[in-house]
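The sequence lines fix the lettering, A, B, ..., with proteins before strands; numbering per chain opens at 1.
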Number of protein chains: 2
Amino acid sequence: MTTIRDVAKEAGLSTGTISKALSHPERVSKKNLEKVEAAILKLNYKPNMLAQKFRSNTANTIVVMVPDIANLFFAKVISGIESVAQRAGYNVLLGDTRDSSNKEKDFIRMVETRLADGVINLRPYKENDSLLPKAGVFAVSASSCEGTPYSSVRIDNAGAANKVVRHLIQQGHKRIGVISGLKTNPHTRDRMKGYLQALESQGIEFDESLVIEGDFNYWSGISAAEQFYHMENRPSAVFCMNDEMAIAAMKGFIDKGLRIPQDISITGFDDMDVSKYVVPTLTTVAQPAEKIGEKSAEMLLDMIQGKVTENKEYVFPYEFIIRESTSAFTEKTK
Amino acid sequence: MTTIRDVAKEAGLSTGTISKALSHPERVSKKNLEKVEAAILKLNYKPNMLAQKFRSNTANTIVVMVPDIANLFFAKVISGIESVAQRAGYNVLLGDTRDSSNKEKDFIRMVETRLADGVINLRPYKENDSLLPKAGVFAVSASSCEGTPYSSVRIDNAGAANKVVRHLIQQGHKRIGVISGLKTNPHTRDRMKGYLQALESQGIEFDESLVIEGDFNYWSGISAAEQFYHMENRPSAVFCMNDEMAIAAMKGFIDKGLRIPQDISITGFDDMDVSKYVVPTLTTVAQPAEKIGEKSAEMLLDMIQGKVTENKEYVFPYEFIIRESTSAFTEKTK
DNA sequence: CTGAAAGCGCTAACAT
DNA sequence: ATGTTAGCGCTTTCAG
């Protein structure tokens, strides 16, 4: 292995000069700079970045904790994070936690042990079930929920849900079902809040039996659709808390012979790519996933670099996209 | 910052003992082990892993280079990589290259500068356009193509394409269109090879006009469908080189009033989750993405740990999944 | 602008 | 089993 000392010897200079030539070339004479370059080339010298980081005590690395990297929404957020990090000369360490707080602990430890400078968490904050915030570790919560007690970036989930449901109501729907995420999930909570607000503002009474708990995955959407299908007084529209369940529900209803949107309107949440592809295309809420990632990374870097000290919350606008899966309520044409 | 020396002082032991207590607790007396533990707890000591890595000259990190992390197939491969790496105590650094070889260079440099021990590349090997293999950097190509000159993990793309097309032919189709990836893409090449083999083995002459070049993205599928639609002698089946273009093509044909599969059969490649959701569901080839990731990581770790020295190629079985988007050829019922 | 030298926090001989 | 000590490769004063 060739070290900085070898280069120094080859160039007939001191290690200090080599070091400076590498980090602050403008403070080294042109003549010596050339010598250094030549020596490096000749010896094929590659600085040991581990030593560099150790010595300078800065990892230039952030870790991203994600419950499931094979989830397109998360992948997009990460993509945004990566691009900002890269531009700033930071590396991103991937922390697939599989929703295990044990693993989260390991990843947080990385910043405590100086392997990383900060962490971005893609799992929304939940009281009594969160390792963050933690003193001494810079962190931001990306795609967070209301009331996150550390820096966070999100959309107004409640507001978006409210908007969707109001739209449905304005279309004449009165019995509006919900396929929710797990009830313990913070996003479920926020979106539920919006649903309730919409009903209330329009003077519609809440009917608990119209809420079926899902888990944000495909099969729970199928199963919920089945349950709705067999209801005596079936809702004329269903607000699904993500696109995956919405698409599943559509499939479930279609397989039972219902037409969408003529017989039942469906809305999703997230605007995955697929939502444009499915037949009928899905009315949904678009979250700027990539931008959420970018903003999160920017905020974290600002904290790491000491440009910002207090916690901040950044709320992105969402976009309500009306497609083919919803239509005005019409009396059953059984 | 509290260092190992502080702990030593607090515990009344030497730094050497503390170090050993941390790495080889079995070689330290129980009594002292307790003292160490107490001191660590009291001082809230966190070992500086940067120092550790520097000293031991091992990063325990692998980097994954991916052309686009927001591509579900890649995300799944990464998920597999992560789980193996994690289990082995390795971290994974994410390298979103956006298909730029400049960025690839930076990431490869990470292993040259000891920041990482090896690299997994998700971009298939292409002659005269590859920074890998490179002396001194352990690497494996995941989801690779035929003829990759370093360790690689893939499925038999040509074989899979052959199988799909033969199936179509056995169903009575004779004019079989292709929506390919970019012609320069190695996977396009391998799959094209399978297509040609299938035609030849069944005595069907190749018609170049039936191949439309796409780029693996949605819009290219739409545009290709449009072109096929306007052909005088339209094919009765279209082999698409990935699911995204297949789904787009279906949408394109449906919007023109064609029925799938009655008027035209469509096949995909990859078996994305969506492919089960779309209407009609898509006949396609499933690649074990997660397993490809796992195997790649295992191979890389074996190389890093010196268990394996020569290059290996691992070929996973694929799965041909027949769904609703294909059916037997019938004379036009115009 | 350059060189000398100290030392970052830790590990791993080696000696005890 | 434990302590002592010499660095790992680099950066960064501090003199010159």
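- Along DNA chain D, the nucleotide closest to G12(B) and the one closest to N57(B) are compared, and the more 5′ of them pairs with G12(B).
- For the pair K46(A) NZ and dC8(D) C1', the interatomic distance rounds to 20 Å; values are reported in whole Å.
- Residue M49(A) contributes atom CE, which lies 22 Å from atom P of dC8(C) at whole-angstrom precision.
- Taking the nucleotide of DNA chain D with the nearest heavy atom to each of R55(B) and K31(B), the more 5' of the two is matched to K31(B).
- Note on L50(A): nothing from the nucleic acid sits closer than 4.0 angstrom, heavy atoms only.
- Checked against dT4(D), dG9(C), dA6(C), the side chain of R5(B) finds its nearest nucleotide in dG9(C).
- One finds no salt bridge joining E10(B) and K35(B) here, because no Lys/Arg side-chain nitrogen approaches an Asp/Glu carboxylate oxygen to under 4.0 Å.
- As rounded to whole Å, 6 Å separates atom P of dG9(D) from atom CE of M1(A).
- Under a cut-off of 6.0 angstrom, the local environment of NZ in K46(A) is crowded, with over 12 non-hydrogen atoms contributed by other residues, nucleotides or ligands.
- Closest approach to the S19(A) side chain among dT11(D), dG9(D), dT5(D) is made by dT11(D) (side chain taken as heavy atoms from C-beta onward).
- Ring geometry, Y150(B) versus Y125(B): the interplanar angle exceeds 60°, so the pair is classed perpendicular (tilted spans 30 to 60°).
- Between dC1(C) and S29(A), no contact under 4.0 Å exists linking OP1 or OP2 to a side-chain N or O.
- A salt bridge links E112(A) with K134(A): the distance from a Lys NZ or Arg NE/NH1/NH2 to an Asp or Glu carboxylate oxygen falls below 4.0 Å.
- Nucleotide dC1(C) holds its C1' atom 16 Å from the CD atom of E34(A), rounded to whole Å.
- Backbone-only engagement by L13(B) is indicated by non-hydrogen atom pairs under 4.0 Å involving sugar-phosphate atoms exclusively.
- Rounded to an integer number of Å, the gap from CZ of F54(B) to P of dA12(C) is 13 Å.
- Contact annotation: T3(A) does not reach the phosphate of dG9(D) (side-chain N/O to OP1 or OP2, under 4.0 Å).
- Across the interface with DNA chain C, nearest-nucleotide mapping of K20(B) and R27(A) shows R27(A) to be the residue nearer the 5′ end.
- Checked against dG3(C), dC10(D), dC10(C), the side chain of N48(A) finds its nearest nucleotide in dC10(D).
- Among the heavy atoms of the strands lying under 4.0 Å from T15(B) is at least one base atom, whether or not backbone atoms are also near.
- Here the side chains of Y90(A) and L301(A) are in contact, with some heavy-atom distance below 4.5 Å.
- Out of dC10(D), dT4(D), dG9(D), the shortest distance to the side chain of Y45(A) is found at dC10(D).
- Look at CD1 on I18(B): it is 11 Å from C1' on dG3(D), rounded to the nearest Å.
- To the nearest angstrom, C1' of dG9(D) lies 17 Å from NZ of K53(B).
- Using a 4.0 Å heavy-atom cutoff across all strands shown, S56(A) reaches no nucleic acid atom at all.
- Distance from the side chain of I4(B) is smallest for dT11(C) among the nucleotides dT11(C), dG9(D), dG3(C).
- A salt bridge does not link K42(A) to D6(A): none of the charged side-chain nitrogens sits closer than 4.0 Å to a carboxylate oxygen.
- We find that CD of Q52(A) is positioned 13 Å from C1' of dT12(D), with the value rounded to whole Å.
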